[in-house]
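Structure first, commentary second.
Residues: numbered from 1 along the sequence shown.
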Amino acid sequence: MSRQTKLISAAFALAAISGALVGGSGAASAAVITTNPNVTATANNAKVSNVSVSCVQSSGDHGVYTLGFGLPALKADESYDVTLREKSSGALRDSVRVTAGESTDSIVLSAASDGHLRVPALRATVNKLIGGVVTATWAVNTTGQCGWNDLADLPVVEDMWYYEENAGRQSYRVTNTSDFVENVHVLATGTFYGTNGYVGSTGDLVRRTVAIQPHSSVQVESTGLLPYGPCGVYTAWTAAGGGVNASTHTWTSEPRIEEWDLRDGHNGGLDCSPDED
């Protein structure tokens, strides 16, 4: 689900790399929030010069991995095809083609984090072409990852089930598919139907804060009970931005809504509806 937005025209990228941007122009600078100094870049050939790399989070993004370098000037009928790919997967993140007459002093490529996954280490591959035929290939490799968590991108309640049916207790599985530790509140409530059209609330079935490690799940057990006998629906979701007992939160996930009918094994498997006796 990574966004691959090209931000090579942003002024902070120009400042990090220095020099003119190939194929683009400068734009108004966004406010820098933080940087990650633990990224490096190395070229495998001396013809690739002035290598520079940065990882910067600015207002409005979740981190941009920017790589820049210079190349020898081009003669007539020569060109460069430059691609930026993830080293591990080979996924294309950026590319540029430079032809004779264009500046080669500062080639700038970038990859943006979507706030769910960090941008992994990258490899820029430079193919030099003469008359359309590749005559040389050079590479620039980076180390380190780049990205910051999107606080609105919450893990979701993936599944719910009974673990103590006669008492109406449930378990909720919450899964974090991001690269970041997610500190979230797990919340659940229910609405039940009784005789003569009665509609009631279960109150809080669960209200708990958990820290979920990247690419893992946690199981949260309910503290509240579903009423024994009637049926209804229960809703579970995650939230952040506010205390666990707050009435509202800044961010909430999509809710998971399921129907229950604790009468199924005890009352002939009647359908769950508000007007049942």
query: Got a donor-acceptor contact below 3.5 angstrom from the Thr223 side chain to the Val206 backbone?
result: no
Distance-minimising heavy-atom pair for Glu78 and Ala73: OE1-O, 4.3 Å
query: Do the side chains of Val51 and Val126 join up, straight or via other hydrophobic residues, at under 4.5 Å, putting them in one cluster?
result: yes
message: Between Arg207 (side chain only) and Val244 (backbone N and O only), is there a donor and an acceptor less than 3.5 Å apart?
response: yes
Intermediate values then yes/no, side-chain contact (heavy atoms from CB on, under 4.5 Å), Leu67 and Val140: CA-CA 9 Å; Leu67 177 65; Val140 183; 4.0 Å; yes
task: Determine the minimum heavy-atom distance between Val156 and Ser253, stating which atoms define it.
output: CG1-CB, 4.1 Å
- prompt: If you group Ile, Leu, Val, Met, Phe, Trp and Tyr by side-chain heavy-atom gaps below 4.5 Å, do Leu109 and Val39 land in one group?
  reply: yes
query: Is it the case that Thr209 and His185 place a side-chain donor and acceptor less than 3.5 Å from each other?
result: yes
message: Tell me whether Asp81 is salt-bridged to Arg97, with the criterion being a basic N under 4.0 Å from an acidic carboxylate O.
response: yes
- request: Decide whether Thr99 and Ser79 meet the rule of one side-chain donor and one side-chain acceptor closer than 3.5 Å.
  value: no
field: Distance-only side-chain donor-acceptor flag, Thr42 / Asn141, under 3.5 Å
entry: no
Any donor-acceptor N/O pair, Thr35 side chain to Pro37 backbone, under 3.5 Å: no
task: Over 60° means perpendicular and under 30° means parallel, so classify the ring planes of Tyr234 and Tyr172, tilted if in between.
output: perpendicular
message: Donor-acceptor check, side chain of Asp153 to backbone of Asp150, threshold 3.5 angstrom: yes or no?
response: no
field: Flag, side chain of Ser103 to backbone of Asp105, donor-acceptor distance under 3.5 Å
entry: yes
- prompt: Is the backbone of Thr142 close enough, under 3.5 Å, to the side chain of Lys87 for a donor and an acceptor to pair up by distance?
  reply: yes
message: Looking at Lys47, I want to see if its NZ is surrounded by more than 12 non-hydrogen atoms of other residues, nucleotides or ligands under 6.0 Å.
response: no
Heavy-atom side-chain contact between Glu86 and Leu122 under 4.5 Å: yes
task: Report yes if the side chains of Thr189 and Asp204 come closer than 4.5 Å at any heavy-atom pair, otherwise no.
output: yes
- request: Verify whether one side chain among Ser216 and Gln213 offers a donor that lies under 3.5 Å from an acceptor in the other.
  value: no
- prompt: According to the disulfide bond (SG atoms under 2.5 Å apart) rule, which pairs have a member within residues 76-132, sequence neighbours left out?
  reply: none
- prompt: Can any side-chain N or O of Asp114 pair as donor or acceptor with the backbone N or O of Leu117 at less than 3.5 Å?
  reply: yes
query: Is it the case that Thr177 and His215 place a side-chain donor and acceptor less than 3.5 Å from each other?
result: no
Main-chain N/O of Ser113 paired to Tyr65 side chain as donor or acceptor, under 3.5 Å: no
query: Do Leu187 and Thr238 come within less than 4.5 Å of each other through their side chains, counting heavy atoms only?
result: no
query: Hey, mind stepping through Thr191 and Thr202 against side-chain contact (heavy atoms from CB on, under 4.5 Å) and telling me if it holds?
result: CA-CA 6 Å; Thr191 299; Thr202 64; over 6 Å; no
query: Under a 4.5 Å side-chain heavy-atom rule over Ile, Leu, Val, Met, Phe, Trp and Tyr, are Val48 and Leu129 clustered together?
result: no
- prompt: Among the clusters formed by ILVMFWY side chains lying less than 4.5 Å apart, do Trp237 and Ile212 turn up in the same one?
  reply: no
field: Pairwise side-chain contact, Val98 with Leu71, heavy-atom cut-off 4.5 Å (strictly under)
entry: no
message: For Ser171 and Gln219: C-alpha separation, side-chain torsions, deciding distance, then whether side chain to side chain donor-acceptor pair (under 3.5 Å) applies.
response: CA-CA 6 Å; Ser171 287; Gln219 182 174 319; 3.2 Å; yes
Hydrophobic cluster membership, Val96 vs Val119, 4.5 Å side-chain cutoff: yes
- request: Determine whether the side chains of Thr175 and Glu158 contain a donor N or O and an acceptor N or O closer than 3.5 Å.
  value: yes
query: Where is the tightest heavy-atom contact between Pro155 and Asn176, given as atom of each residue plus distance?
result: CB-CA, 4.0 Å
